[in-house]
Amino acid sequence: MQGQDGERDRHGARNGGDRSPGAPGGAPDGTAAGAPAEAPDPEPRRGRPRSAAAERAILDAVIALLEAGEPLAGLSIERIARTAGVGKATIYRRWSDKEELFVDVVRDMEPDDPPVSGTEGLADLRVMLESLRTRGLAQRSSALLHNIFAQMKSHPKLWNEYHGTVIAPRRLAMVEAVRRAVAAGELRDDLDVELIDDLFVGPMLVRTVHRPDAPLPDDLADRIITALLQGLAPAARV
């Protein structure tokens, strides 16, 4: 979650602050007066406040390198650190390996996940379907983001990391919204909730992933929900 200082945890939303590729991260506030400096990297150890500027510089460095044509497989922690103007230890304090870092870079480039009530059923489901639509639009409009996803799928460790920390939690949140809708009487209770979830998500995934030329109109989430609630059978003739 984004805080007032623009910081985030590893799986939170994007950091605040201006992008400034290559800007070095400064020492964090809160260092005790007279404490010896840790040369050459003055970054805090685990448990101390992190430098939002350093984290922003690292993410921007990866993006800058990718924009310059560097493939994901060719990026090293050394190259990223040099471009960001930080030490390698600064990166490893935040991410255990390149895969974790690259996942956060992708999350930073994607639209933020929208807030949901956590108590509503169909209303929350609609918000999450709309988020899936906007992420599809973002991939279509960003050649870099589209290229990154294409490269991720050819690197199993990276794709598994993205799936486990991004896709799986999003799917779980949608399944929970379906359960709330069933409990509230908005959806029938004689079907498997994961099947119901697939019925809602499937059409949006087809449009955003498998049919890149298909339109993604503003009302697509509403149309999917309405079609499923009304059913596909023709109305009974009187």
Side-chain angles (χ1 to χ4, degrees), residues 1-2 8 11-16 19 59 63 66-67 72 102-154 158-184 186-188 191-232:
M1 298 292 294
Q2 185 171 330
R8 70 167 182 180
H11 301 309
R14 70 185 64 185
N15 281 310
R19 292 193 172 190
L59 295 174
I63 294 172
L66 292 171
E67 287 177 336
L72 282 173
F102 291 160
V103 167
D104 271 5
V105 170
V106 175
R107 288 177 64 93
D108 186 69
M109 295 178 66
E110 289 184 323
D112 291 330
D113 288 336
V116 295
S117 70
T119 58
E120 299 291 332
L122 281 179
D124 283 356
L125 187 59
R126 188 215 171 275
V127 171
M128 288 183 275
L129 280 177
E130 172 60 15
S131 177
L132 183 56
R133 185 187 74 88
T134 57
R135 289 197 299 274
L137 286 171
Q139 286 192 46
R140 290 185 183 184
S141 62
S142 171
L144 178 60
L145 191 57
H146 178 79
N147 185 39
I148 289 174
F149 271 100
Q151 293 186 61
M152 284 173 59
K153 292 176 182 178
S154 65
L158 177 54
W159 182 252
N160 289 339
E161 176 72 16
Y162 181 78
H163 188 279
T165 61
V166 179
I167 295 178
R170 285 173 179 166
R171 175 174 171 76
L172 178 60
M174 295 195 75
V175 170
E176 290 302 318
V178 170
R179 287 196 174 97
R180 293 194 296 271
V182 170
E186 296 175 309
L187 298 172
R188 53 192 290 184
L191 293 177
D192 177 72
V193 292
E194 295 209 6
L195 173 60
I196 297 176
D197 178 66
D198 289 343
L199 291 173
F200 281 108
V201 177
M204 191 67 80
L205 284 179
V206 168
R207 288 287 185 99
T208 57
V209 177
H210 301 294
R211 293 182 57 199
D213 58 333
L216 296 173
D218 292 345
D219 64 343
L220 183 57
D222 288 321
R223 288 167 57 188
I224 291 173
I225 292 174
T226 299
L228 287 172
L229 292 180
Q230 292 179 350
L232 300 178

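Keep in mind that the numbers below use all heavy atoms, side chains included, and drop hydrogens, waters and symmetry copies.
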Indicate yes or no for a side-chain donor-acceptor contact from Ser141 to the backbone of Ala138 under 3.5 Å, with no hydrogens or angles considered.
-> yes
Side chains of Ile167 and Trp159: closer than 4.5 Å at any heavy-atom pair?
-> yes
Compute the centroid of each ring, for Tyr162 and then for Phe102, and state whether the two points are separated by less than 6.0 Å.
-> no
In chain order, what residues pass the side chain to side chain contact (heavy atoms under 4.5 Å, CB included) check against Ser117, with sequence neighbours excluded?
-> Thr119, Glu120, Asp124
Please tell me if the side chains of Asn147 and Leu66 come closer than 4.5 Å, counting only heavy atoms from C-beta onward.
-> no
Test item: Glu130 side-chain N/O and Ala221 main-chain N/O as donor-acceptor pair under 3.5 Å | no
Just by distance, do the side chain of Ser142 and the backbone of Gln139 share a donor-acceptor pair under 3.5 Å?
-> no
Closest approach of Leu228 and Leu199, non-hydrogen atoms and distance?
-> CD1-O, 3.3 Å
What is the minimum heavy-atom distance between His163 and Pro169, and which atoms define it?
-> O-CD, 4.2 Å
Measure across Met204 and Leu129 and return the closest heavy-atom pair with its distance rounded to 0.1 Å.
-> CE-O, 3.5 Å
Start with the C-alpha distance between Glu67 and Ile63, add both sets of side-chain angles, then the distance that settles side chain to side chain contact (heavy atoms under 4.5 Å, CB included), and finish with yes or no.
-> CA-CA 6 Å; Glu67 287 177 336; Ile63 294 172; 3.8 Å; yes
Carboxylate-amine/guanidinium contact Arg135 Asp113, below 4.0 Å = yes
Any Ile225 side-chain heavy atom under 4.5 Å of Arg126 side chain = yes
Would you check, one step at a time, whether the test side chain to side chain contact (heavy atoms under 4.5 Å, CB included) holds for Leu220 with Arg207?
-> CA-CA 10 Å; Leu220 183 57; Arg207 288 287 185 99; 3.9 Å; yes
Which heavy atom in Leu145 sits nearest to a heavy atom in Glu110, and how many Å separate them?
-> CD2-CG, 4.4 Å
Taking C-beta and beyond as the side chain, do Pro217 and Arg223 meet within less than 4.5 Å on heavy atoms?
-> yes
Is there a donor-acceptor pair under 3.5 Å between the side chain of Glu186 and the backbone N or O of Leu122?
-> yes
Is there side-chain contact between Met174 and Val178, with at least one heavy-atom pair below 4.5 Å?
-> no
Does the pair Arg170/Glu176 count as a salt bridge with the N-to-O cut at 4.0 Å?
-> no
Please name all residues satisfying salt bridge (charged side-chain N to carboxylate O under 4.0 Å, His left out) with Asp213, sequence neighbours left out, ordered by chain then number.
-> none
Answer yes or no: is there a side-chain heavy-atom contact under 4.5 Å between Leu191 and Arg188?
-> yes
Between Glu194 and Arg171, is there a side-chain N and carboxylate O pair less than 4.0 Å apart?
-> yes
Kindly compute the distance separating CG (Asp112) from CZ (Arg107), expressed to the nearest 0.5 Å.
-> 9.0 Å
Checking side chain to side chain contact (heavy atoms under 4.5 Å, CB included) against Arg133, which of Ile224, Asp219, Leu216 comes through?
-> Leu216
dist Leu187:CG -> Ile196:CD1 (nearest 0.5 Å) comes out at 5.5 Å
